[in-house]
J.: 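The structure's right below; bear with me while I get my questions together.
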Amino acid sequence: MSERPDDLERAIEATLFAAEEPMTPESLAGHLGDLAVPDVRQALKALSVHYQGRGIHLVERDRRWHFQTAPDLAHLLRREREQVRRLSRAATEVLAIVAYHEPVSRAEIESIRGVQTSSGTLDVLMEVGWVRVAGRREVPGRPVIYATTAEFLAHFGLSSRRDLPGIDELKAAGLLDPVDDVFDALMGDGEDRVEEDEGGGNSPETDDNKA
Amino acid sequence: MSERPDDLERAIEATLFAAEEPMTPESLAGHLGDLAVPDVRQALKALSVHYQGRGIHLVERDRRWHFQTAPDLAHLLRREREQVRRLSRAATEVLAIVAYHEPVSRAEIESIRGVQTSSGTLDVLMEVGWVRVAGRREVPGRPVIYATTAEFLAHFGLSSRRDLPGIDELKAAGLLDPVDDVFDALMGDGEDRVEEDEGGGNSPETDDNKA
Amino acid sequence: MNEARLPLDPVEGDAAEWGGPAATQGEDAALYLELDGWEGPLDLLLDLARRQKVDLRQISILALVDQYLGYIDRAEALRLELAADYLVMAAWLAYLKSALLLPKEEQEDPSPEELALRLQLRLQRLGAMREAAARLMARDRLGRDVFLRGAPEGLRTDRKTTWQCDWFALVRAYGVVNARTAPVVHMVRERPVMTLDSALERVSAMLGVTLEWVELRQFLPPHAEPRLRKSALASSFVAALELARLGRAELAQDETFGPLRLRRPAAA
């Protein structure tokens, strides 16, 4: 070793390393057996010089000393790992329903899916940034309604929801036929859905062919 | 600075300093962004050399590295720290037998100690995290066999089981071999082995490592 | 004592570590007559052997046996409850001692020397492990002698999830939803059928007209649409079977799947 630390430096080094909180020169001096505080201060200075340029630094904050990671290496402590995951089946279904029927409430989504939808599923979609809250429906209970975002269109390479691939084919195949009376009831007789002009499969008029 | 560490050394220094668990060269290489493991190993060696003689040391335990205080400074740090759990005499003995003979079955432990080992003793050692179940021996009865853990090596400051104090001498003296084997060797052959009771009811014939 | 036999030498630290009986007694002090202090007879034997202050390989088994028996005697004199395994060991050692003192030619197999050697080997092994344990416990131990960092910042890997989904998956999912929840309506359409009753009536009536063999198909309504024809065929077939069962018709078929013919029985 080019620079062998003296005993006091070693003692301080070990003590600060093992300490759970930063320590003042006074508390260090007391801990190490009633040493002279100026000696401790001097040793602290020498140590901090030694650690300059290393991966860890000995720093003084508010008269208390502690070791910390070198600031330029802070990024090593908080690593970001990107992880690509496929959207779950449930989430994909919910996303599709929102896209085709927007704006749509959670009750409506559940009615269309035919299964209960955990709120986590919508949360994931909002976190991803593909679904947003689009206000409330002016019906009793004022349920929150959801719609897709510009990001959603961008991700799926659509210029508008009219471009939703396969919608005509789905309609032709009868896949967009409305579901049931509960659904109709939930949709509030369609009066508040005037602005809905696309994805047309859910328009109440088509319900008639069920009778 | 007499010896300016290179970037890799600094990164490893900072990472191990901040880490809550010891790390292998592989996990370090992964954390730091898919580095070459041999480079990491070399840097670890260089770092551990740098810390020799300082108040904190960089040590390897079962292929995992961590910083710890220098052993000779124990007197400064020991005070007001919680005492290491005191093991019973039986537990220390069982621990030593597991460490020096691993993997070892309970019958083998009992054969060496000449007494039944209460299951509580092994439980304590497993609870502390120093002993683990290491599978079963493929002999009739398939007894569970025990071995020590990485925490065991870390706690007792052993880089590997080869560091166990006196293990080479014990091996050379045949003291880690079953009594029967040594006995047969001493008697020149094994043809006069007769069932015999050695008083304890735990004659070595019950060893299941002989298959 | 031979220095080279380090692992077998008594290690001072071990007794201190667990405060066992050997540590609490003077050189020649009376043994504590307390069996709790030992982990069984072998442990007691080892403790006694240690008192001989010699290498376990040079220990006098006879002397050891005497000490053990003496100890047990004293314990019994004090009317202490002695655990059975201590007594078994005492009996075995008494036997070993007498055998060792017997003239050689009267030895059984295995010889008492062999038994003594085995005992010695076992004591060596236990002694070795005891010393190993002591040396282990005396090492610089984490949390007692050496310490980890008091307040490590900790490494954290934030996993950022990028979700993936393509439009095909999207559209297919929508199709699946609709297919799953589309109301399934089972409608039984009204279809022209010939009931079994009317077939019975029809077939028996037609059988009354002739005595000749008539193929089943000729009983069917001639200009019926195909679906009614199918129904009529099935009903007429069952009607034919029923009439045969009642003895009001005879059935004939020349080959499998061949034309089925029927006629009125001659007697009827």
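Throughout, a chain's letter reflects where its sequence line sits, starting with A, and its residues are numbered from 1. Side-chain atoms are counted along with the backbone in the values below, which use heavy atoms only and exclude waters and symmetry mates.
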J.: Any idea which of A:Glu127, A:Arg86, A:His155, A:Glu21 has the most non-hydrogen atom pairs under 4.5 angstrom with chain C?
T.: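 Answer, by heavy-atom pair count under 4.5 Å with chain C: A:Arg86.
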J.: For A:Val59, does its backbone N or O pair with a side-chain atom of A:Tyr51 as donor and acceptor, under 3.5 Å?
T.: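 Here the side-chain-to-backbone pair does not exist.
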J.: With a 4.5 angstrom heavy-atom cut-off, could you sort out which part of A:His66 is near chain C: side chain, backbone, both or neither?
T.: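 Contact with chain C involves no heavy atom of A:His66 at all.
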J.: For A:Gln68, is it the side chain, the backbone, both, or neither that has a heavy atom closer than 4.5 Å to a heavy atom of chain C?
T.: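 The answer is both parts of A:Gln68.
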J.: Looking at A:Arg63 and A:Glu26, does any basic side-chain N land under 4.0 Å from a carboxylate oxygen?
T.: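 Looking at A:Arg63 and A:Glu26, the cut-off is met.
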J.: Run the numbers on A:Thr15 and A:Met23 for side chain to side chain contact (heavy atoms under 4.5 Å, CB included), then give the verdict.
T.: CA-CA 9 Å; A:Thr15 305; A:Met23 291 176 83; 3.9 Å; yes
J.: Which answer fits A:Leu16, side chain, backbone, both or neither, if we ask what part of it has an atom under 4.5 Å from a heavy atom of chain C?
T.: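 Contact with chain C is absent: no heavy atom of A:Leu16 under 4.5 Å.
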J.: Relative to chain C, which segment of A:Val94 carries a heavy atom at a distance below 4.5 Å: side chain, backbone, both, or neither?
T.: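 Answer is neither: A:Val94 stays 4.5 Å or more from chain C.
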J.: Less than 4.0 angstrom from a charged side-chain N to a carboxylate O is my criterion; do C:Arg245 and C:Glu242 meet it?
T.: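 Yes, C:Arg245 and C:Glu242 are salt-bridged.
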J.: Quick one: which of A:Val128, A:Thr69, A:Val124 has the most heavy-atom pairs under 4.5 Å with chain C, could you say?
T.: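 Greatest number of close heavy-atom pairs with chain C: A:Val128.
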J.: Considering only NZ, NE, NH1 and NH2 on the basic side and carboxylate oxygens on the acidic side, decide whether A:Arg89 and A:Glu93 come within less than 4.0 Å.
T.: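 Salt bridge: yes.
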